[in-house]
Amino acid sequence: MSRSAEHADRDWSAADYGQHAGFVVDLAADLVDWLAPPPGERVLDLGCGDGTMSLRLLARDVAVTGVDASPAMVAAACEQGVPAMVLDGHDLATGTAGTGYDAVFSNAALHWMKHDPDAVIAGIKTVLRPGGRVVAEFGATGNIAPIQAALRAEAEARGHDADALDPWFFPTEADYRDRLENAGFSIERIECFERPTDLPSDMADWLTTLARPFVMAFTAGAERDAYVCDVVERLRPELADANGHWHAPYVRLRLIARKPEQD
Ligand code: BEZ
């Protein structure tokens, strides 16, 4: 299946994302300070989602263009007034989203681009002007590890290929540093840190909103409900407290890397 067909099949719900995963943007709000964009800069928001983070950049008089692989998310971004287009991060090098950007900014998106992370980095380099920078936060090794393990185990128990369903790439700091340096970037800052996060709703909501490539592999109705329920019950002892409040062990990688003035 092509990547665009894959996305059409598993597309996001912008409303669900806002309700159950709004914290992803709130907790990374200071990533904008890492970018520290002077007014008038041209910034590409890679994996802009529903445009919430792009709006924060627009509020700083930045000329933002958003790209996202999800048509539903791009529609939501455009509704919020963010200039955005549907484009998979693997296809940045086509130049469809323009070139000569001062910066590429990306929050909670690069871990969805697992097919070829080096092609994504090459695309980022293509769209940046010489001396431009990439400022990004995404999941690192260990991110949501028990959730990913439970999703995989219950899928395998039902005869599915977990590697095929698993959409995420959570690299180590060393791995991602190497990839950037091999592409010619110089690392100005890189940090890996844990961010244990209280969830605003229950684990079933998190799964149906954020783990769609797993969940949508099961037929809607009893089969899908049983899958979600069994994943939830696997996780309850570790991730729910006595009052039924859930938390998730997020681990983040944050970085600033610069494209050379001359290649
Ligand atoms: C994350 O932001 O780390 C994330 C979001 C959705 C699914 C998996 C990880």
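In each ligand, atom 1 is the first atom listed, and ligand 1 is the first ligand listed. All values reported here derive from a predicted model rather than from experimental measurement.
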Visitor: I need the single residue from L165, I144, V231, D166 that forms a side-chain contact (heavy atoms from CB on, under 4.5 Å) with L151. Which is it?
Guide: V231
Visitor: If you take all heavy atoms of L87 and A97, which pair is closest and at what distance?
Guide: CD2-CB, 3.9 Å
Visitor: State yes or no: do F170 and L255 share one hydrophobic cluster built from I, L, V, M, F, W and Y residues joined by side-chain heavy-atom distances below 4.5 Å, directly or via other members?
Guide: no
Visitor: Quick one: nearest non-hydrogen protein atom to atom 6 (C) of ligand 1, plus distance?
Guide: W112 CZ2, 3.6 Å
Visitor: Looking only at protein heavy atoms, which one is nearest to atom 2 (O) of ligand 1, and how far off is it?
Guide: R252 NH2, 3.0 Å
Visitor: Please state which protein non-hydrogen atom is closest to atom 9 (C) of ligand 1 and give its distance, to 0.1 Å?
Guide: N143 ND2, 3.7 Å
Visitor: Measure Y250 to ligand 1 on non-hydrogen atoms and call it side chain, backbone, both or neither using the 4.0 Å cut-off.
Guide: side chain
Visitor: Of all the atoms in ligand 1, which lie at a distance below 4.0 Å from a heavy atom belonging to W168?
Guide: 7 (C), 8 (C)
Visitor: Do the charged groups of R158 and E156 touch, with an N to O distance under 4.0 Å?
Guide: no
Visitor: Of the protein's non-hydrogen atoms, which lies at the shortest distance from atom 5 (C) of ligand 1, and what is that distance?
Guide: H111 NE2, 3.9 Å
Visitor: Do the ring planes of W112 and W168 sit parallel (below 30°), tilted (30 to 60°) or perpendicular (above 60°)?
Guide: perpendicular
